[in-house]
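Remarks on the structure that follows.
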Amino acid sequence: MAFAVETTSLRKRYRRSDPLAVDGVSLQIQEGKVFGLLGPNGAGKTSIVKMIAGLVRPDGGAIEVLGSAPGDRRARSGIGFAPEDPDFPKFLRATEVLDYFGRLLGLSADERSRRIPETLAWCGLAGERRQLRHFSKGMKQRLGLGQAILGRPRLLILDEPTADLDPMGRRDVRELITGLKDSGTTVLLNSHLLSEVERVSDTVAILGQGRVLAEGAIDEIVPEGRTLEDVFMELVEKAEGGPRDRGVPSFMAEGEAK
């Protein structure tokens with residue numbers, strides 16, 4: 001079995017006074033599969049994603065990406081990364097952004113002229129001529145997804161890819177993920193939308209307080225008759241010391257203010 005990504009005892013701490021953001025995480029992401037990375041805010045998901053992408057250095061442990069260390073030329077050339085909140089120069093247009101990234105990827109002029117219109121059509125941005133300063137958050141996110149697939153990556157990392165998309169946009173991303181998996185691309189999906197992850201992932205890892213609480217195939221993690229959300233909430237609440245008090249503050253339940 002070949003792995004696109006393998007981490008061993010991965011650790012990361014940002015400040016000496018802080019607890020470990022990532023505390024001994026070991027993961028194996030099989031080639032050609034969709035791997036869902038789940039966890040509440042502060043669980044270490046984005047730190048792990050950035051370390052795999054070579055954007056942040058670990059403080060301990062080891063990472064192998066596409067047979068190389070993160071940041072090596074071989075790894076970089078095989079990764080497509082769509083960040084949660086893409087930030088492109090606001091004076092550019094969508095075609096100019098993709099042309100810039102196409103040049104960075106080493107694509108020829110002919111190849112850029114072929115791929116860019118197809119990518120913009122998939123993004124729902126075909127014919128869009130406005131500068132990015134006029135784009136909505138959803139439009140920017142679509143463009144971020146477009147630049148991530150432009151180089152036909154072997155490993156596509158999606159960090160909250162559907163956070164600002166409407167239902168049609170979410171459907172498009174699901175179809176993209178399914179199509180990429182069918183073509184042999186490995187997809188690492190970091191998302192808070194558990195129902196979306198459950199629908200497209202082969203394997204998931206649930207994180208809590210920087211550690212892996214559970215990892216395995218969807219049908220192994222989620223027993224029959226339950227949902228991924230049920231399992232997620234149970235594991236996270238146990239890791240955090242029990243269920244949270246979801247009642248309203250006491251002052252909200254008091255009588256009319258005097």
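These figures come from a predicted structure and were not determined experimentally.
At least one donor-acceptor pair under 3.5 Å links the side chain of Glu96 to the backbone N or O of Arg93. Without hydrogens or angle criteria, Lys181 side chain to Gly32 main chain gives no donor-acceptor distance under 3.5 Å. Not a single donor-acceptor pair under 3.5 Å links the side chain of Lys50 to the backbone N or O of Leu55. Judged purely by atom type and a 3.5 angstrom limit, Asp23 has no side-chain atom pairing as donor or acceptor with the backbone of Leu20. Between the side chain of Asp202 and the backbone N or O of Val34, at least one donor-acceptor pair lies under 3.5 Å.
Here the CG-NZ distance, from Leu189 to Lys45, works out to 11.0 Å after rounding to the nearest 0.5 Å. Remark: Leu66 CG to Ile79 CD1 distance equals 6.0 Å, nearest 0.5 Å. Atom CD in Glu215 sits 10.0 Å away from atom CD in Glu220 (nearest 0.5 Å). Interatomic distance, Ile52 CD1 to Asn190 CG, rounded to the nearest 0.5 Å: 10.0 Å. To the nearest 0.5 Å, the span separating CD on Glu160 from OG on Ser191 amounts to 4.5 Å.
Under the 4.5 Å side-chain heavy-atom criterion for Ile, Leu, Val, Met, Phe, Trp and Tyr, Leu194 and Val200 are members of the same hydrophobic cluster. By the rule that hydrophobic residues join a cluster once side-chain heavy atoms approach within less than 4.5 Å of another member, Phe35 and Val5 end up as members of one cluster. Leu207 and Val222 end up in different hydrophobic clusters when Ile, Leu, Val, Met, Phe, Trp and Tyr side chains are linked at under 4.5 Å. In the hydrophobic clustering of ILVMFWY residues, with side-chain heavy atoms under 4.5 Å counting as a link, Val173 and Leu155 come out apart. Hydrophobic clustering (side-chain heavy atoms under 4.5 Å, transitive across Ile, Leu, Val, Met, Phe, Trp, Tyr) groups Ile218 together with Leu235.
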- Evaluate the criterion side-chain contact (heavy atoms from CB on, under 4.5 Å) for residue pair Arg142 and Asp172; output intermediate values, then yes/no. CA-CA 10 Å; Arg142 285 175 176 272; Asp172 290 344; 3.9 Å; yes
- Task: Carefully, step by step, assess Arg152 and Arg115 under the rule side-chain contact (heavy atoms from CB on, under 4.5 Å).
- Result: CA-CA 10 Å; Arg152 294 176 57 194; Arg115 295 191 191 186; 3.7 Å; yes
- Task: Evaluate side-chain contact (heavy atoms from CB on, under 4.5 Å) for Glu6 paired with Ile29, printing each intermediate quantity in order.
- Result: CA-CA 6 Å; Glu6 191 165 11; Ile29 302 177; over 6 Å; no
- Worked check of side-chain contact (heavy atoms from CB on, under 4.5 Å) between Asp59 and Val22: CA-CA 9 Å; Asp59 294 327; Val22 179; over 6 Å; no
- Task: Start with the C-alpha distance between Asp18 and Arg13, add both sets of side-chain angles, then the distance that settles salt bridge (charged side-chain N to carboxylate O under 4.0 Å, His left out), and finish with yes or no.
- Result: CA-CA 7 Å; Asp18 291 344; Arg13 190 196 308 270; over 6 Å; no
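Side-chain contact between Gln28 and Glu64 is absent, with no heavy-atom pair separated by less than 4.5 Å. By the 4.5 Å heavy-atom criterion applied to side chains, Val56 and Ser47 are not counted as neighbours. Val212 has its side chain out of reach of Ile206: every pair of non-hydrogen atoms, C-beta onward, lies at least 4.5 Å apart. Looking at Thr186 and Leu156, their side chains never come closer than 4.5 Å, going by heavy atoms from C-beta outward. Considering only heavy atoms from C-beta on, Leu38 comes within 4.5 Å of Phe232 through its side chain. Put simply, the side chain of Pro86 does not reach to within 4.5 Å of the side chain of Leu145, judged on heavy atoms.
Here Arg112 pairs with Asp99 in a salt bridge; the nearest charged N to carboxylate O distance falls below 4.0 Å. Checked for salt-bridge contact, Glu128 and Arg130 meet the test: a charged N lies under 4.0 Å from a carboxylate O.
A donor-acceptor pair shorter than 3.5 Å cannot be found between the side chains of Arg211 and Gln209. No side-chain N or O of Asp110 forms a donor-acceptor pair with one of Ser113 less than 3.5 Å apart.
For residues 73-89, no residue pair satisfies the side chain to side chain donor-acceptor pair (under 3.5 Å) rule, not counting sequence neighbours. Residue pairs meeting the salt bridge (Lys or Arg N to Asp or Glu O under 4.0 Å) criterion with at least one partner in residues 24-38, sequence neighbours excluded, are Glu31-Arg154.
Taking every heavy atom of both residues into account, Gln147 and Phe81 meet most closely at NE2-O, 2.8 Å. Here the closest heavy-atom approach between residue Gly216 and residue Thr203 is recorded as O-CG2, 3.2 Å. Nearest heavy-atom pair across Ala82 and Gly144 is CB-O, 3.9 Å. The two residues Ala121 and Ala126 have their closest heavy-atom pair at CA-CB, 4.0 Å. Residues Pro153 and Thr185 come closest through the heavy atom pair O-CG2, 3.3 Å. Between Ala75 and Pro70 the shortest heavy-atom distance is CB-CA, 4.5 Å.
Residue Met139 shares its hydrophobic cluster (ILVMFWY side chains chained together at separations under 4.5 Å) with Phe88, Phe91, Leu92, Val97, Leu98, Tyr100, Phe101, Leu104, Leu105, Leu107, Ile116, Leu120, Leu125, Leu132, Phe135, Leu143, Leu150.
Atom NZ of Lys140 has more than 12 heavy atoms from other residues, nucleotides or ligands within 6.0 Å. Heavy-atom neighbours of Glu229 CD from other residues, nucleotides or ligands within 6.0 Å: at or below the threshold of 12. Annotation: Arg171, atom CZ; neighbour count of heavy atoms from other residues, nucleotides and ligands within 6.0 Å is above 12.
Partners of Pro167 according to the side-chain contact (heavy atoms from CB on, under 4.5 Å) rule, which considers only residues two or more places apart in sequence or in another chain, do not exist here. By the side-chain contact (heavy atoms from CB on, under 4.5 Å) test, Arg170 pairs with Thr162, Leu165, Arg174, Leu193, Glu196, sequence neighbours left out. With sequence neighbours left out, the side-chain contact (heavy atoms from CB on, under 4.5 Å) criterion links Arg114 to Glu111, Glu118.
Of the listed residues (Leu10, Leu37, Thr8), just one forms a side chain to side chain contact (heavy atoms under 4.5 Å, CB included) with Leu27, and that residue is Leu37. For the side chain to side chain contact (heavy atoms under 4.5 Å, CB included) with Met51, the qualifying choice from Val65, Thr7, Ile63 is Ile63, the only one to do so.
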